[in-house]
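Note on naming: letters A, B, ... go to the chains in the order of the sequence lines (proteins, then strands), and numbering restarts at 1 for each one. Side chains are part of it too, since the values below use all heavy atoms of this structure and drop only hydrogens, waters and symmetry mates.
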Amino acid sequence: MPELPEVETVVRDLRAEVEGRSVVAVPHAASSVFRYPSPEALAAALPGASFAAVRRSGKYIHCVLARDGAAEVESEALIVHLGMTGHLEVCDAAAPERPHTHLRALLDDGRELRFADARRFGRVMLGDPDALRAARLIPALGVEPLGEEFTVQRLDALLRRTTRTVKAALLDQRGVAGLRRQALTLAAGVVAGSVVEVLRIAIRNRGSTIDDYRDLWDAKGNHQEELRVYGRGGLPCLACGTVLRRTVVAGRATTYCPVCQR
DNA sequence: CACGACACCTGCCGGC
DNA sequence: TGCCGGCAGGTGTCGT
């Protein structure tokens, strides 16, 4: 399940591969992952556009497009959310199509940008991000946790005005975009510092491959090796040896040490 | 506003 | 060996 560190890894790699490239054709576009416009309309509109920039917004990937000869600068982006099992790759156009491939975009260097998603929880959209947001096709995300605006004050205000658990608050993408994992009832300063540190380390480790996540080259991330609690229910706590417990918080499986994490 | 329930969707896993 | 129910989980929607 791609989280912010995994998405950031994909964005950085994608940026190096497609920035400056343009789309020549769309040999394949079909599936329910296309929320707007229809896959046919997207396939018709994408050719001729070039990738001006690749950015991350929460867990959304924005490929900002540019068009030659367009007098006025129009804001247009190919937006991708990986959902649970979404996967982007840039490969030779002759490479065999992996199962559940929903989009293939032929680039001007002979390669293809492809999107595959077995579970189809992912989304692909094309349009003005502001307009898509206004149309509620993409959500109005909260503070970017790796941005300057993610301050202790902002987080403190966010946590202070709610009775929800810290985990539930952090999971809500309208508050702080792109976060999950557990947190405890700690001072906002500690949480804020931890969030940023953990995200930076996870990105340095190219994300966590818990199940399906692979980068553009189909390689696994490395950060799963660093997780000390996640997925270790029933195993001893690495700090004190107590058996880690599993429970459900905010509708999500949550593992914790009953001694170290109270 | 907070949160549970459900929908979407398919691979995987345990049980029979 | 094989079928099958159950489960996971990001996000949106709807009901309480």
Side-chain angles (χ1 to χ4, degrees), chain A residues 1-11 29-39 56-62 79-88 97-103 114-125 127 129 131-145 157-183 185 195 199 202 207-214 218 220-221 223-224 227 229-235 244-256:
Chain A
M1 52 223 100
E3 306 290 349
L4 188 147
E6 292 77 42
V7 177
E8 178 66 23
T9 299
V10 168
V11 163
S31 135
S32 57
V33 300
F34 294 91
R35 295 305 163 91
Y36 179 87
S38 68
R56 180 181 58 74
S57 173
K59 287 188 263 187
Y60 285 80
I61 299 166
H62 288 221
I79 296 175
V80 177
H81 191 293
L82 300 176
M84 294 283 298
T85 52
H87 179 251
L88 283 168
E97 195 177 291
R98 67 167 61 210
H100 308 292
T101 293
H102 307 306
L103 173 67
R114 296 180 181 178
F115 178 69
D117 185 1
R119 215 166 286 185
R120 280 191 266 157
F121 278 15
R123 294 104 196 255
V124 176
M125 284 165 281
L132 293 172
R133 210 167 286 122
R136 309 216 162 192
L137 288 163
I138 53 177
L141 296 171
V143 185
E144 165 55 45
L158 195 68
L159 297 179
R160 197 175 291 281
R161 71 172 185 234
T162 179
T163 58
R164 308 153 89 185
T165 63
V166 176
K167 172 160 177 164
L170 291 181
L171 278 166
D172 188 338
Q173 304 293 298
R174 293 169 302 180
V176 180
L179 284 187
R180 65 182 296 275
R181 305 265 195 273
Q182 46 72 240
T185 311
V195 160
L199 287 176
S208 305
T209 295
I210 303 299
D211 208 3
D212 302 289
Y213 170 71
R214 296 293 189 283
D218 223 29
K220 295 183 178 183
H223 193 67
Q224 65 278 5
L227 303 178
V229 179
Y230 179 91
R232 296 191 66 250
L235 296 175
L244 297 175
R245 285 192 197 152
R246 273 176 61 100
T247 182
V248 173
V249 177
R252 306 302 213 298
T254 301
T255 305
Y256 70 102

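- Considering only residues two or more places apart in sequence or on other chains, A/Arg133 meets the side chain to side chain donor-acceptor pair (under 3.5 Å) condition with A/Asp130.
- Separating the CG atom of A/Asp117 from the P atom of C/dG9 is a distance of 16 Å, rounded to the nearest angstrom.
- Atom CD1 in A/Ile61 sits about 14 Å away from atom C1' in C/dG10, given to the nearest Å.
- The interatomic distance linking A/His81 (NE2) with C/dG9 (C1') rounds to 12 Å, in whole Å.
- Not counting sequence neighbours, A/Tyr213 has no partner by the ring-ring contact (aromatic ring centres under 6.0 Å, His included) test.
- Legend: residues meeting side chain to side chain donor-acceptor pair (under 3.5 Å) with A/Glu8, ordered by chain and number and at least two apart, are A/Arg12, A/Arg56.
- Taking A/Thr85 as the reference, A/Asp117 meet the side chain to side chain donor-acceptor pair (under 3.5 Å) condition, with sequence neighbours excluded.
- Partners of A/Arg120 by salt bridge (Lys or Arg N to Asp or Glu O under 4.0 Å), not counting sequence neighbours: none found.
- Counting to the nearest Å, the C1' atom of C/dG10 and the CZ atom of A/Arg120 are 16 Å from each other.
- We find that CZ of A/Arg119 is positioned 14 Å from P of C/dC7, with the value rounded to whole Å.
- Comparing A/Arg164 and A/Asp211 along DNA chain B, the residue whose closest nucleotide (by nearest heavy atom) sits nearer the 5' end is A/Arg164.
- Under the side chain to side chain donor-acceptor pair (under 3.5 Å) criterion, A/Arg214 pairs with no residue, sequence neighbours left out.
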Could you write out each protein N or O paired with an N or O of nucleotides 12-16 of chain C at a distance under 3.5 Å?
none

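- Note on A/Ser32: only backbone sugar-phosphate atoms sit closer than 4.0 angstrom, heavy atoms only; bases stay farther off.
- The nearest whole Å value for the distance from the CD atom in A/Gln173 to the C1' atom in C/dG10 is 8 Å.
- A/Asp212 has its CG atom 11 Å from the P atom of C/dG9, to the nearest Å.
- Distances shown here put a side-chain N or O of A/Tyr230 below 4.0 Å from the OP1 or OP2 atom of C/dG9.
- Contact footprint of chain A on DNA chain B: nucleotides with an atom under 4.0 Å from a non-hydrogen protein atom, first to last in 5' to 3' order, B/dA2 to B/dG11.
- Rounded to whole angstrom, the span from the CZ atom of A/Arg35 across to the C1' atom of C/dT11 amounts to 9 Å.
- With sequence neighbours excluded, the residues forming a side chain to side chain contact (heavy atoms under 4.5 Å, CB included) with A/Arg164 are A/Thr162, A/Ala168, A/Asp172, listed by chain and number.
- A/Arg119 is linked by a salt bridge (Lys or Arg N to Asp or Glu O under 4.0 Å) to nothing, counting only residues two or more places apart in sequence or in another chain.
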(request) Give the dot-bracket string for DNA chain C, reading 5' to 3', where a pair is Watson-Crick or G-U wobble with both distances under 3.5 Å, ( ) marks pairs inside the strand, [ ] marks pairs crossing earlier ones, | marks a partner on another strand, and . marks unpaired. (result) .|||||||||||||||
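- With sequence neighbours excluded, the residues satisfying side chain to side chain contact (heavy atoms under 4.5 Å, CB included) with A/Arg246 are A/Ala253, A/Thr255.
- Looking only at distances, no side-chain donor or acceptor of A/Gln224 sits under 3.5 Å from a matching main-chain atom of A/Ile210.
- The minimum heavy-atom distance linking A/Pro2 with A/Met84 is given by the pair CD-O, 3.3 Å.
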